**Student:** 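Supplied in structure tokens, the structure appears directly below.
Predicted model only: the values in this text are computed from it and were never measured. Note that ligands are numbered from 1 as they come in the structure, with each ligand's atoms numbered from 1 the same way.
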Amino acid sequence: MAMGKRALRLGVNIDHVATLRNARGGRHPDPLRAAGIAAAAGAHGITAHLREDRRHIRDEDIARLMRDIALPLNLEMAATPEMLAIALAHKPQAVCLVPEKRAEVTTEGGLDAVGGRDHLAPIVRWLGDAGIRVSLFIDPDTAQLDTARLLGAPVVELHTGAYCEAEGAARARELERLAAAAAYAETIGLECHAGHGLSYETVAPVAAIATIVELNIGHFLIGEAIFSGLDGAIRRMRALMDEARA
Ligand code: PXP
């Protein structure tokens, strides 16, 4: 069956607006304001990671994002009873289950869906039963994809960190892994997203992978906003994505 090009969505991760706010303990800069700017600049969704230690996004941010922002919220969270209860209370449009270690600076690798299958199964089911679209943040690996499907998660988000960090031939190999995993995801009926570490320099080859339909990007955009403004940074990122997809 011939298929037209699929649209590519951008989810803007606003965690690090909250990081900056929390550095002084006040209310400025407000991640909600960033979400409003993202909406006006053409983002398709807002992504926020509520960590166990609340180092950036906090519970009241989630409540406010649900109440005041029209864009769908993709809540990134660890697969813990505490986070499950929060997700079920707020019912965001989407939840992305991520691995989380207290000491890490950022999410270092994908979720081990294979090893954590028994633990993940009821959480994926409860979230799905509540009408929340569940995705698993995994490395581009066939066994992880197969397990996501077995668990009944409709979506996977491929971890692009290794691709972004690699250089030269190693980066090309990581891109190949992403492309192969995205193609495989489609053959087993999974919607495929990608994210982590993407920048103006690294986004285009990932955006060109036709079976990836959403990118989640945060740290680079918030950092770039210092120099060019958040609106301009998001518009430029969207233009690079659209160009690569076309
Ligand atoms: N996707 C997931 C699942 C993540 O955990 C993160 C980081 O919080 C991102 C995307 C965005 O990564 P970055 O902030 O490096 O763009």
**Student:** Testing the 3.5 Å rule here: is there a donor-acceptor pair between the side chains of T47 and N74?
**Tutor:**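 T47 vs N74: donor-acceptor pair found between side chains.
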**Student:** Should you measure from each heavy atom of G197, which atoms of ligand 1 turn up under 4.0 Å away?
**Tutor:**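 In order of numbering, the contacting atoms are 12 (O), 13 (P), 15 (O), 16 (O).
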**Student:** Tell me whether the guanidinium CZ or amine NZ of R236 lies under 6.0 angstrom from the six-membered ring centre of Y200 and within 45° of its axis.
**Tutor:**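 Verdict for Y200: a cation-pi partner in R236.
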**Student:** Passes side-chain contact (heavy atoms from CB on, under 4.5 Å), D30 versus V17? Steps please.
**Tutor:** CA-CA 7 Å; D30 186 349; V17 181; over 6 Å; no
**Student:** Would you say ligand 1 has an N or O under 3.5 Å from any N or O of V98?
**Tutor:**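 The answer is no, given that V98 and ligand 1 share no N or O pair closer than 3.5 Å.
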**Student:** Inspect the contact between D242 and R245 and indicate whether a charged nitrogen and a carboxylate oxygen are less than 4.0 angstrom apart.
**Tutor:**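 No, no charged N to carboxylate O under 4.0 Å.
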**Student:** Is a salt bridge present between D53 and R51, judged by a nitrogen-to-oxygen distance below 4.0 Å?
**Tutor:**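 Salt bridge between D53 and R51, a charged N being under 4.0 Å from a carboxylate O: no.
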**Student:** Please check whether H16 reaches ligand 1 - meaning an N/O of the residue sits under 3.5 Å from an N/O of the ligand, judged on distance alone.
**Tutor:**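 So ligand 1 has no N or O lying under 3.5 Å from an N or O of H16.
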**Student:** Short list, please: which atoms of ligand 1 are under 4.0 Å from a heavy atom of N13?
**Tutor:**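 Those atoms are 8 (O).
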**Student:** Which ligand 1 atoms are under 4.0 Å away from a heavy-atom of I217?
**Tutor:**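 Reading through ligand 1 atom by atom, the close ones are 16 (O).
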**Student:** Taking R235 first and then D231, would you say they form a salt bridge - that is, a charged N and a carboxylate O separated by under 4.0 Å?
**Tutor:**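 Here R235 pairs with D231 in a salt bridge, since their nearest N and O are under 4.0 Å apart.
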**Student:** Any idea which part of E76 is under 4.0 Å from ligand 1, heavy-atom wise: side chain, backbone, both or neither?
**Tutor:**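 The answer is the side chain.
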**Student:** Taking atom types as modelled, is there a side-chain donor on E214 or N216 under 3.5 Å from an acceptor on the other?
**Tutor:**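 Yes, side-chain donor-acceptor contact under 3.5 Å.
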**Student:** Given H56, E157, R51, which one has a non-hydrogen atom that is nearest to atom 10 (C) of ligand 1?
**Tutor:**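 The nearest heavy atom belongs to E157.
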**Student:** Within the structure, does G218 bring an N/O atom to less than 3.5 angstrom of an N/O atom in ligand 1?
**Tutor:**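 Yes, there is a polar N/O contact under 3.5 Å.
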**Student:** Heavy-atom contacts with N216 under 4.0 Å: which atoms of ligand 1 show up? List them by number with element.
**Tutor:**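 So the atoms of ligand 1 that pass are 10 (C), 11 (C).
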